[in-house]
Each structure stands twice: as C-alpha cells, then as structure tokens.
There are 2 protein chains.
Amino acid sequence: MAQAVRRLVAHDGLDAATVAAVAREVGCSVGLVQHYFPSKDALLLFAYERMQADQLDRVARLIAEGEAGRQPIRAILLRCLPELWPLDEDRRGEYRVDRAFHARALDNPTVAEAAGRAAAVVRGELARAVTNGKECGEVEADTDAELAAAELAALVAGLADDLYREPDRPVGGLPLRGAATAILTARLAHYFPGTCRHYR
Amino acid sequence: MAQAVRRLVAHDGLDAATVAAVAREVGCSVGLVQHYFPSKDALLLFAYERMQADQLDRVARLIAEGEAGRQPIRAILLRCLPELWPLDEDRRGEYRVDRAFHARALDNPTVAEAAGRAAAVVRGELARAVTNGKECGEVEADTDAELAAAELAALVAGLADDLYREPDRPVGGLPLRGAATAILTARLAHYFPGTCRHYR
DNA sequence: GGAATAACCGTATGGTCATATGGTTTCGCG
DNA sequence: CGCGAAACCATATGACCATACGGTTATTCC
C-alpha cells in the first residue's frame with residue numbers, strides 16, 4: 001500500500017492519493033486499506049517515512065561501499081549526494097513525493113518531524129565526514145563541521161529544486177545536470193582538497 | 001482577495017483556501033469571488049503571482065538603495081538575499097505560501113511556470129552582479145557568472161528550508177539564523193573578495 | 001473439526017467543495 | 001430621470017471524499 005501511495009503521489013500529487021484511489025491501485029477494497037491503517041493520515045505518513053528510509057538506505061549502502069573500497073571522503077560524498085537529486089525518472093518521482101510531503105509538513109507537525117529527521121540524518125552524515133576529514137588532516141582544522149554540513153546540505157537541496165525544473169537548461173555551457181555536479185565538486189574540493197589522499 | 005488567499009494559505013495551507021473561506025475572509029459573498037475570477041485556480045494563481053511580485057519588488061528596491069548608496073556588490077547581495085529567508089513572521093508566512101505553491105507546481109504547469117520565472121529572476125540578478133563584478137575587476141575573470149549564480153541561488157533556497165524548520169538550532173555555536181548569514185557571507189566573500197572596493 | 005482471529009468486501013453516511021444559476025442593488029452617465 | 005453595466009448576493013447542484021458499519025471468507029491453532 002505504501003508503494004501504491006508513492007506511485008499515486010509521484011504521478012498525480014498528494015490530492016490524488018485518496019483512500020479509494022489507493023485501494024484501486026493496490027487492487028483491493030477500501031475496507032482493506034482501513035483494516036491496516038487507522039486513518040488516511042497514518043497511511044500517508046507511513047508511506048512517506050518508508051520512502052525516506054529507502055532513500056537513506058541507498059545512501060548508507062553507497063557510503064559503506066565507498067568505505068569498503070577505501071575511497072577518499074570527497075569521492076564518497078560526490079557519489080552519495082547526487083543520489084538525492086532528481087536525475088532519472090525514479091528519482092524524479094521521489095522528488096515529487098518529497099516536495100508534496102514538504103508542503104504537507106507546513107500544516108502537519110507529524111510530517112514535519114519526519115521531514116526534519118531525514119534532513120538531520122543527511123546533515124549528520126555530512127558532519128561526520130568533515131569530522132573524519134579533520135582527524136586525518138584532510139580537512140583544515142578550523143573548519144566547523146556543523147557549519148560545513150549545513151552549507152553542503154543546503155546546496156544539495158537547493159540544486160535539487162532547479163534540477164527538477166530544468167535539468168537541461170544550459171548553465172555556463174553545461175546542461176544543469178553537469179553544472180550541478182561541477183558546483184558540488186568544486187565545493188567538496190574546497191572542504192576536502194585531497195592533498196593528503198587519506199581514506200576514510 | 002489576493003491578500004485574503006495569502007493570509008489563508010500562510011495560516012492554514014492551500015487546502016484551507018476554499019472559495020467560501022476566501023469570501024468569508026474578504027467579508028463578501030462567494031458570488032463576488034466568482035464575479036472577479038473565472039475559477040478557483042485562476043484566483044490562486046493570481047494571488048501567488050502577486051506575492052512573488054511583491055517579494056521581487058522589495059528585493060529590487062533594496063538593490064536600488066544599495067546602488068544609490070554606492071555600496072559594494074557584496075554588501076548589496078548580503079542585504080538582498082536574506083530578504084528571501086523566513087526570518088520574521090511575515091516572511092515565514094511568505095515562505096509557507098511559496099512552499100505550498102511549489103508543491104502545487106508539481107501538478108500544475110501554469111503554477112510551475114510562475115515559480116520558474118521567479119527563480120529565474122533571482123538567478124538573473126545574481127548573474128548580473130557577478131558580471132558587473134568582473135567588469136570592475138572585483139570578481140576573478142575566469143568565474144562563470146551563470147554557474148556562480150546557480151550556486152548562490154541554490155544555497156539561499158536550501159538554507160531557507162532549514163531556517164524555516166529550526167531557526168534557532170545551534171550550528172557551530174551560533175543559532176542557525178546567524179550561521180546561515182555566516183555561510184552566505186563566506187560564500188559571497190569568495191566570489192566578491194572586496195579587494196578593490198569597487199562600487200557597483 | 002471448530003472456533004477464534006485476521007483478511008477482506010460493498011455500501012451507506014455525512015460532510016465539503018467548486019461551480020452554476022437567477023436573481024437584486026449600486027452607480028455612472030447621457 | 002432612466003437605463004445599462006457593474007457589483008454583489010443566496011442558494012442549488014452534482015461530485016467527491018473519509019470514515020463507519022455490517023457483513024463474508026480465509027487462516028491459524030488447539
């Protein structure tokens with residue numbers, strides 16, 4: 001059912017995710033949806049949290065792979081962060097779901113909390129990367145990990161908005177897809193210059 | 001009526017902006033709302049575009065003031081960009097309206113176009129600032145104006161999200177309000193080092 | 001086997017909403 | 001004055017939706 005909600009919201013927006021529509025998408029009755037969820041709100045929240053968990057799991061897996069391969073921190077981040085961008089149809093769908101729930105979060109504290117938690121996980125992971133980098137001398141000692149994490153997270157989130165709207169708009173000669181990567185690369189290189197080629 | 005829509009959306013979300021609620025807020029009949037707008041969609045779109053115009057006017061005025069006062073480009077931008085942040089109750093309301101319509105833009109091409117136009121104005125203004133800076137030697141010659149504008153716009157937009165959620169969360173010792181300004185200041189100082197103290 | 005439990009269904013209900021309709025009042029102006 | 005257009009109103013209509021409810025089928029477990 002969570003998958004059905006996700007498909008409906010991705011395709012036609014939150015308003016299209018009525019209980020009846022979810023039942024139709026699943027191929028069951030309205031009653032069954034009610035059997036598993038006490039209310040429509042609970043169903044939507046569950047679907048949202050599940051999607052976030054899926055997303056964060058993917059990122060965590062990429063991090064684990066990068067660490068196993070003893071890649072530089074910068075390379076790991078450059079691999080993980082664009083995972084949150086709407087660069088293919090699946091991720092565009094996720095972006096649509098995410099934005100729809102972000103709007104809902106404005107009026108629904110429970111959804112807001114879920115959205116805040118996910119954002120905090122991303123920031124936390126970034127702060128950890130910076131801290132690790134400081135320990136091994138890759139990152140300058142006077143860099144504030146939280147501040148750097150907040151900047152990078154904001155940059156990634158902000159670029160996602162533009163990427164969704166016009167992924168192919170030319171920006172400085174490149175389509176935005178490439179330009180966003182270039183911007184992120186430059187910013188990561190600032191924090192993780194890669195001078196000492198330390199591994200994480 | 002546009003003001004009424006804005007108040008309703010800011011206070012209770014897009015779904016609260018029913019035609020009947022707008023009429024009640026204005027203090028007139030449902031029929032009158034219909035008299036002036038062919039559909040609810042048209043009403044909402046008008047209200048959204050009006051709010052965007054108000055916002056951009058404020059920014060334009062700040063730019064004009066800064067230019068009249070012969071302030072450095074960096075100072076002007078540092079004054080203008082936080083105007084788009086939800087730092088007080090009025091601007092938090094604007095942020096809420098903006099986010100609500102952003103979600104609507106996912107399913108409504110007309111709203112999407114309006115949102116895209118406003119974003120393009122901000123980026124254009126930023127690109128203009130960078131170009132001006134290059135002409136007077138303030139900005140390094142190999143800086144790509146569009147790329148820099150895209151980065152700064154994304155950073156500002158991304159920080160707005162966080163600022164709305166937790167304006168007072170401590171980030172590196174400062175509350176996020178201050179941290180966001182610090183991040184923006186640092187980033188602007190990178191592009192506009194202020195070495196030659198040129199005016200715009 | 002049989003009873004309790006979970007899975008599952010179809011429909012009814014009460015509410016909300018956008019829009020349509022058929023009006024009345026106000027006002028500008030020749 | 002008078003008349004046409006605008007501003008303005010109250011209510012009707014038809015659609016849709018979340019939830020409630022009373023029921024049937026399948027499964028599990030003693």
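Here is how names work: the chains are called A, B, and so on, in the same order as the sequence lines, proteins then strands, and each is numbered from 1.
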Query raised in the report: For B:V19, does its backbone N or O pair with a side-chain atom of B:K40 as donor and acceptor, under 3.5 Å?
Result: no

Query - Shared hydrophobic cluster, B:W85 / B:L174 (ILVMFWY, side-chain heavy atoms < 4.5 Å) - result: no

Report task. Give me the bend of the helix from C:dG1-D:dC30 to C:dG30-D:dC1, using the axes of the five pairs at each end, rounded to 10°. Result -> 0°

Distances under 3.5 Å between nitrogen or oxygen atoms of protein and nucleotides 6-8 of chain D:
unit_1 : atom_1 : unit_2 : atom_2 : d
D:dA7  : OP2    : B:Y36  : OH     : 3.2
D:dC8  : OP2    : B:Y36  : OH     : 3.3

**Report entry** From CA spacing to verdict: salt bridge (charged side-chain N to carboxylate O under 4.0 Å, His left out), A:E125, A:R128
**Finding:** CA-CA 5 Å; A:E125 210 60 50; A:R128 187 168 77 92; 2.8 Å; yes

**Report entry** Side-chain ion pair, A:E83 and A:R61, N-O less than 4.0 Å
**Finding:** no

Requested in this report: Output yes when A:E94 and A:R6 qualify as a salt bridge under the 4.0 Å nitrogen-oxygen rule, no when they do not.
Outcome: yes

Requested in this report: Give the ring-plane orientation class for A:F37 versus A:F46, where under 30° counts as parallel, over 60° as perpendicular and anything between as tilted.
Outcome: tilted

Query raised in the report: Going only through I, L, V, M, F, W and Y residues with side-chain contacts under 4.5 Å, is there a path from B:L147 to A:L188?
Result: yes

Query raised in the report: Which residues in residues 97-111 of chain B have at least one heavy atom lying under 4.0 Å from any atom of DNA chain D?
Result: none

Filtered N/O pairs between nucleotides 16-18 of chain D and protein, under 3.5 Å:
unit_1 : atom_1 : unit_2 : atom_2 : d
D:dA18 : OP1    : A:K40  : NZ     : 2.5
D:dA18 : OP2    : A:V19  : N      : 3.0

Query raised in the report: Between B:R96 and B:Y164, does a side chain to side chain donor-acceptor pair (under 3.5 Å) hold up when you go through it step by step?
Result: CA-CA 9 Å; B:R96 293 167 61 85; B:Y164 180 79; 2.7 Å; yes

Name the atoms and distances for all side-chain donor-acceptor pairs under 3.5 Å in residues 153-160 of chain B, with sequence neighbours left out.
none

Please write out the pairs of protein N or O atoms and N or O atoms of nucleotides 22-28 of chain C separated by less than 3.5 Å, giving the distance to one decimal.
none

Report task. For B:R79 and B:L62, indicate whether the former's side chain and the latter's backbone hold a donor-acceptor pair under 3.5 Å. Result -> no

Query raised in the report: Taking a hydrophobic cluster as the set of Ile, Leu, Val, Met, Phe, Trp and Tyr residues connected by side-chain heavy atoms closer than 4.5 Å, whether directly or through intermediates, do A:V97 and A:Y95 fall within one such cluster?
Result: no

Query raised in the report: To the nearest Å, how far apart are B:L8 CG and C:dC17 C1'?
Result: 15 Å

Query raised in the report: Checking salt bridge (charged side-chain N to carboxylate O under 4.0 Å, His left out) for the pair A:E89/A:R92: CA distance, chi angles, key distance, verdict?
Result: CA-CA 5 Å; A:E89 260 322 303; A:R92 281 178 72 84; 3.7 Å; yes

Query raised in the report: In this structure, which one of B:R74, B:E140, B:E138 forms a side-chain contact (heavy atoms from CB on, under 4.5 Å) with B:P193?
Result: B:E138

Report task. Find out if a path of hydrophobic residues (ILVMFWY) with successive side-chain heavy-atom gaps under 4.5 Å connects A:L8 to A:L45. Result -> yes

Query - Spacing of A:D12 atom CG and A:L14 atom CG [to the nearest 0.5 Å] - result: 11.5 Å

